[in-house]
Amino acid sequence: MNDLNALVMSAQTAFADAHTQADLENAKARFLGKTGLVTELMKGLATLSPVEKKVQGAAINLAKQAVELALGQRRQALADDELAYQLKAESLDVSLPGRLRPPGGLHPVSLTLERIEQIFDSMGFEVAQGPEIETDWYNFTALNTPQGHPARSMHDTFYVEGGCLLRTHTSPMQIRHAVSHVKRHQALLDAGQAMPEIRVIAPGRTYRVDSDATHSPMFHQCEGLWIGENISFKDLKVVFTDFCRTFFESADLVLRFRPSFFPFTEPSAEIDIQFPSGPLAGRWLEVAGSGQVHPQVVRNMGLDPERYMGFAFGMGPDRLTMLRYGVNDLRLFFDGDIRFLSQFR
Ligand code: PHE
């Protein structure tokens, strides 16, 4: 009897010590398995006399039931623990404040580019995109700036293998766009008929070896080109004045076309603006280079300069953004500091 009590107690202890279902199954095998302690006792009954068998058998059965009960209880307890643990781990505190995703916004220079595109779109200009890695031909030679031309020295840039370079301005798009336009309308030209005008802007990234508060090795430009049979410097003045006044929402903005030199325009002018009021009032601020497209460039576009002419300009959207928002360091645009950028949302 005492042995059986001890057996039941040791089973209870073993079950209590099992902290996983697997441990518990191992403990169960030690008592109730095929060669388990309880099972061995049952086997031992075979050698006893019928009377002893009856008494011992009943006692062993009681012990077995007690072991099974302890096992069942421990199983339930482990299952309860597991459920409680799982509920706790996967609990959801619906009273916590939500995690907000702050609204994003466009980069200030992107805002400017969108604005430029909108304004020129309203004046009937297409928008064209071109490659940032250019050939020497499009970036320089076709723009009347052959090898050895002194104007090249102001456009020091990054060269890549194969003689290509990171474009120093968006002016190569003058040639690229005009050539494809001419190709599209070659039949008209061959028949001596008038070709639809070229009216395009080409915004994008440009590169020069330059770096200070107002120059960055990567910066933006937006080219403009209008070629037709009778497009003159007067049209440049009207279009660009209209653009600047709309862009800065200032009908009194004053423009100055200051004589300058570019190999691909003749005559050429630097365009300065002056605000009538505000912190920048009274100062001339340079915003673009411009001019009548040089006859040699018109020829490189595949057109007859005796018949076709027009103007081009190249402006700096970074500069326009600085002026519009009163930003004094160009580098802020390219640092990616969220505290700066979020002010333009
Ligand atoms: N590409 C010139 C520059 O980067 C600007 C320009 C464009 C001048 C078109 C005239 C005509 O300085």
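Remember, it's 1-based here, ligands and their atoms both numbered in the order they're listed.
A salt bridge links R152 and D136; the closest N-O separation between the charged side-chain nitrogens and carboxylate oxygens is under 4.0 Å. Checked for salt-bridge contact, R324 and E249 meet the test: a charged N lies under 4.0 Å from a carboxylate O.
With contacts defined as side-chain heavy-atom distances shorter than 4.5 Å, the pair N144/F262 does not qualify. Inter-residue side-chain proximity for M309 and N230 is flagged as met; some heavy-atom pair is nearer than 4.5 Å.
A heavy-atom cutoff of 4.0 Å around ligand 1 is satisfied by the protein residues H169, S171, Q174, R208, Q221, E223, F262, F264, T265, G289, S290, A312, F313, G314.
When each of V298, V179, V297 is paired with L303, the side chain to side chain contact (heavy atoms under 4.5 Å, CB included) condition holds for V298 and for no other.
Heavy-atom contacts from other residues, nucleotides or ligands closer than 6.0 Å to CG of D337 number more than 12.
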